[in-house]
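Written below as C-alpha cells is the structure these notes are about.
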Amino acid sequence: MLTKKQHELICFIADRLNETGVSPSFEEMKDALDLKSKSGVHRLISALEERGFLRRLPNRARALEVVKMPERGETKKAPAKSNVVSLARSRPEPANDVIEIPLHGRIAAGVPIEALEGSTMLPVPAALLGSGDHYALEVAGDSMVEAGIFDGDYALIRRQDTARDGEIVVALIDEAEATLKYFRSEGSMVRLDPANRAYDPQRYRPDQVRVQGRLAGLLRRY
C-alpha cells in the first residue's frame, strides 16, 4: 500500500505528463506536496521506483515515466481521475529537462583562434549531453562543414584530456589557441584534420597539443 504522499506524488507526476508531456521539476513536486525540502521528493521517488510505479529515463535529468498507477486498494485515497491509467499509457514521451552549461567564447573550425575567453551560460537539453562535465563553444569558421558543423553552431564539449583516433576534439595548441578538429596520431606527430577539402591537415608535436574535450553534440539556432 502506498502512503498518502506517495499517492499524491505519482498522481501529480501523471497529471503533469498528461497535460504537457514534461515531468515536473523537483521544486514543483516539493511545492505541490507541501514538503520542506527536495530530499523528501527524492525519497518518495525512490520508494515509487522500488515498488515499480515509476521509472527514471536514462540520460535525461529528472525525466520520469509512470509505469503503472496504484489501484484503489493500494492507497487510502482513490485516484482523483479514473482515466489516468489509459492517459498515462498514451501520453507522449517526456521531454528533456534543460540544464545550463558554461559557454566559453568562440572556437575556430578553421584557423586556430583564442578560446575559453569569458564565461556565460547556455541552456541545453540534458539528453544531448549524457554523463560527464560539459561546456559549450560557439563555432567560428567552415572547416568542419563536411562533418555537419557550421559557423555559428554551438559545440557541446565533454571535458576530457585524452582522445582516440577519429574523434572530434577541442585541441589547445601551444597553450594559446584552440581549434575543433578530428584527432589523429601520425607517427610521432599529432595531426588535426579538418572536414573541408579546402583546408589542409595541421601537424604538431605531441607536446604542442593538449586535448581539452571531445565533441558530444551540437546545438543550432535558427
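On a predicted model such as this, the values are computed, not experimentally measured, just so you know.
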Contacts of type salt bridge (charged side-chain N to carboxylate O under 4.0 Å, His left out), residue D174, not counting sequence neighbours: none
Rounded distance (nearest 0.5 Å) linking atom CD1 of I45 with atom CD of Q6: 11.5 Å
Note, R164 side chain near R214 side chain (heavy atom, < 4.5 Å): no
Cluster overlap V145 with Y199, hydrophobic side-chain contacts below 4.5 Å: no
Full working for side-chain contact (heavy atoms from CB on, under 4.5 Å) between I173 and L192: CA-CA 11 Å; I173 301 167; L192 302 177; 4.1 Å; yes
Check against side-chain contact (heavy atoms from CB on, under 4.5 Å), E186 and R203: CA-CA 9 Å; E186 187 179 68; R203 293 174 174 83; 2.6 Å; yes
Residue pair E49, R55: steps toward the salt bridge (Lys or Arg N to Asp or Glu O under 4.0 Å) verdict: CA-CA 6 Å; E49 278 190 291; R55 182 170 71 91; over 6 Å; no
Approximate separation, where rounding is to 0.5 Å, of D31 CG and S25 OG: 8.0 Å
Salt bridge flag under 4.0 Å for residues E175 and R210: yes
Considering all heavy atoms, the nearest V209-A171 contact: CG1-CB, 3.9 Å
Heavy-atom side-chain contact between Y154 and L218 under 4.5 Å: no
Min side-chain heavy-atom separation L2-R51 under 4.5 Å: yes
Whether H134 side chain and G132 backbone form a donor-acceptor pair below 3.5 Å: yes
Derivation and outcome, side-chain contact (heavy atoms from CB on, under 4.5 Å), residues L137 and V170: CA-CA 9 Å; L137 292 167; V170 174; 3.8 Å; yes
M29 side chain near L9 side chain, heavy-atom distance below 4.5 Å: yes
Working for side-chain contact (heavy atoms from CB on, under 4.5 Å), residues I168 and F183: CA-CA 6 Å; I168 297 176; F183 180 91; over 6 Å; no
Donor-acceptor under 3.5 Å (D153 side chain, F150 main chain): yes
Exercise: identify the closest heavy-atom pair between R16 and P24: CG-CD, 3.8 Å
Heavy-atom pair of closest approach, residues M144 and A195: SD-N, 3.5 Å
Pairwise side-chain contact, L44 with L35, heavy-atom cut-off 4.5 Å (strictly under): yes
Side-chain donor/acceptor of E177 to backbone N/O of L172, under 3.5 Å: no
Backbone of T162 reached by a side-chain donor or acceptor of Q160 within 3.5 Å: yes
Exercise: identify the closest heavy-atom pair between A136 and L156: CB-CD2, 4.0 Å
4.5 Å side-chain heavy-atom contact, R191 and S185: no
Note: D193-K181 ion pair, threshold 4.0 Å (strictly below): no
Spacing of L122 atom CG and H104 atom NE2 [to the nearest 0.5 Å]: 11.0 Å
Residue pair D165, Y182: steps toward the side chain to side chain donor-acceptor pair (under 3.5 Å) verdict: CA-CA 8 Å; D165 274 14; Y182 283 107; over 6 Å; no
Donor-acceptor pair, side chain of K5 and main chain of L33, under 3.5 angstrom: yes
Connected via hydrophobic side-chain network under 4.5 Å: F12 and I10: yes
CD1-CE distance between I99 and M121, expressed to the nearest 0.5 angstrom: 9.0 Å
Separation between CD of E65 and CD1 of I13, rounded to the nearest 0.5 Å: 12.0 Å
Shortest non-hydrogen contact between D151 and A140, atoms and distance: OD1-CA, 3.2 Å
Closest non-hydrogen atom pair, G148 against R220: O-NH2, 3.0 Å
Q202 side chain reached by T179 side chain, heavy atoms, under 4.5 Å: yes
Residues in side-chain hydrogen bond (donor to acceptor under 3.5 Å, both in side chains) contact with R205, at least two apart in sequence or another chain: D207
L180 side chain reached by V169 side chain, heavy atoms, under 4.5 Å: no
Any donor-acceptor pair under 3.5 Å from E50 side chain to A47 backbone: no
Euclidean distance, C11 SG relative to M69 CE, rounded to 0.5 Å: 4.0 Å
Hydrophobic cluster of M189, others only, ordered by chain and residue number, side-chain cut-off 4.5 Å: none
